[in-house]
Number of protein chains: 2
Amino acid sequence: MTAVAELFWTVSYDRTTVDQICERAGVKKGSFYHFFADKAELVDASLEREWEKYRPKLDAIFSASVPPAERIRAHCEFVVQEQRDLKACHGHVLGCPLCTLGTEISTQDGTLRRRVQGILEHGIGYLTTAIRDGHAGGDWQAPDARAKAERIHTYQLGLMIQARIYDDLGVLAELTRGTFELLGAAVPESTRVGGPGAAKTKTKTKTARVTAKTRAENRRP
Amino acid sequence: MTAVAELFWTVSYDRTTVDQICERAGVKKGSFYHFFADKAELVDASLEREWEKYRPKLDAIFSASVPPAERIRAHCEFVVQEQRDLKACHGHVLGCPLCTLGTEISTQDGTLRRRVQGILEHGIGYLTTAIRDGHAGGDWQAPDARAKAERIHTYQLGLMIQARIYDDLGVLAELTRGTFELLGAAVPESTRVGGPGAAKTKTKTKTARVTAKTRAENRRP
DNA sequence: CTGATAGTTGACTAAACGGTCAAATCAACT
DNA sequence: AGTTGATTTGACCGTTTAGTCAACTATCAG
């Protein structure tokens, strides 16, 4: 399951073969088919497992004991940091695995599509709660918290997709700022690192898209 | 080129085989390899051609002779209508072909990735101009038109992705409204169809996501 | 120790795949 | 009519793919 999660994220669902999965997992194909009917079933199980591994992290970030604005800010920065690590590890910006997979299989496999949907829905849930709490606390105006959450979630997905397509972490520098603009609130000061103003992380963002490196990437390396 | 554009959109890039392309195009494989070195080269050429076919439509929609707000509104509705037609034709919401393709090939093929990037960039260009014009005309406040355009574009991409993943046109019902909320302006009255208020197109949006049909879609139909 | 059950293995198939090629066809020009 | 170069064709090749299977092994309860 770990093997397949990495493969369909770094490569693609269709291009990932059962042989590759087995090799990566150190398992023979016969064993694979003993447990799973086909690739789709494995991916389905893998998604569920990865989500269960991810959930406690979100629970911590979106803890009700943290001020709502801080939850949302922390989540943004968590996502960016995660992408940084992945880029360092795999050499590419990978973006949101649910989008990558979901986009590819949506016209092929209804079951998988619905699983992806379900997980995305959970994400919107966290956001909705935080936004509702912030509204109740007067941090911002969002009478319809769910609608606001959907809008922000959509923006965030769009940014992740672009980060992958541009293969550029610079795109994500906008994440926090953009999110709070949509929220109609100021980005809260970081509560953990340094003093006030520590949130400023070198705003080389603006021209990031144009500066996209022209390094000689060949086809099918 | 037409064949491949349809296939990698309705199916997926990796899953689309050269044989399929040739069959769809009514061409023998030998002929194919006479003109293109491989699939990637064909897709590259196809993208360029499709973009050239698409460009005049955008030119018309974003014509400087049309009020800026109306350009943006018309574009939103054009996109939605296009998706409706595609759904009617192919049975699935296909979303943005650039995202579908870009997401899949971004870690594989640098050349294709950059071509997708370039076309997306053009899209942001149209939006930037319209936003700048609107700002100059006092329709909205957007001193940094480019930044605003990027934000809106990101939102729109996010929505398209979700429409595909959810396989639900209902998601797109938010497109115009969301766009203009980000713009900080009211949705202009439709100028072509019916009298004032004609823009209201049955707001069944709200629950759309939950209502996502549970029809029995099997794997690999 | 025994026997049942769960898991593992590598060899196997049949189909599909990307890609090649020599020969045939076509269109245009001399 | 003959020459040339661009295009088309279908047969072909080696590889990769998903998926199968009978035989083997580890585990563990009785």
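Throughout, protein chains are lettered first and strands after them, A, B, ... in sequence-line order, and every chain is numbered starting at 1. Heavy-atom basis, side chains included; hydrogens, waters and symmetry copies ignored.
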Output for pair (A/E77 CD, A/I61 CD1), nearest 0.5 Å, gives 10.5 Å

Nearest 0.5 Å, please: how far is CD in B/E104 from CG in A/D14?
6.0 Å

List the protein contact pattern of nucleotides 7-16 of chain C with one symbol per nucleotide (5' to 3'): B for base contact, S for sugar-phosphate-only contact, - for none; contact means a heavy-atom distance under 4.0 Å.
BBBB------

Within the 4.5 Å heavy-atom criterion, are B/M160 and B/V171 side-chain neighbours or not?
no

Interatomic distance where [atom1] belongs to [X] and [atom2] belongs to [N] [whole Å]:
X: A/Q20; N: D/dA18; atom1: CD; atom2: C1'; result: 13 Å
X: B/Y33; N: C/dA22; atom1: OH; atom2: P; result: 18 Å
X: A/I21; N: D/dA18; atom1: CD1; atom2: C1'; result: 11 Å
X: A/E23; N: D/dT16; atom1: CD; atom2: P; result: 12 Å
X: B/F36; N: C/dG18; atom1: CZ; atom2: C1'; result: 16 Å

Exercise: do A/T2 and A/R49 side chains pair donor with acceptor under 3.5 Å
yes

Side chains of B/R114 and B/Q117: donor-acceptor distance under 3.5 Å anywhere?
no

Enumerate, atom names and distances included, each donor-acceptor pair closer than 3.5 Å involving a side-chain atom of residues 23-30 of chain A, sequence neighbours excluded.
from, atom 1, to, atom 2, distance (Å)
A/R24, NH1, A/E6, OE1, 2.7
A/K29, NZ, A/D19, OD1, 3.2

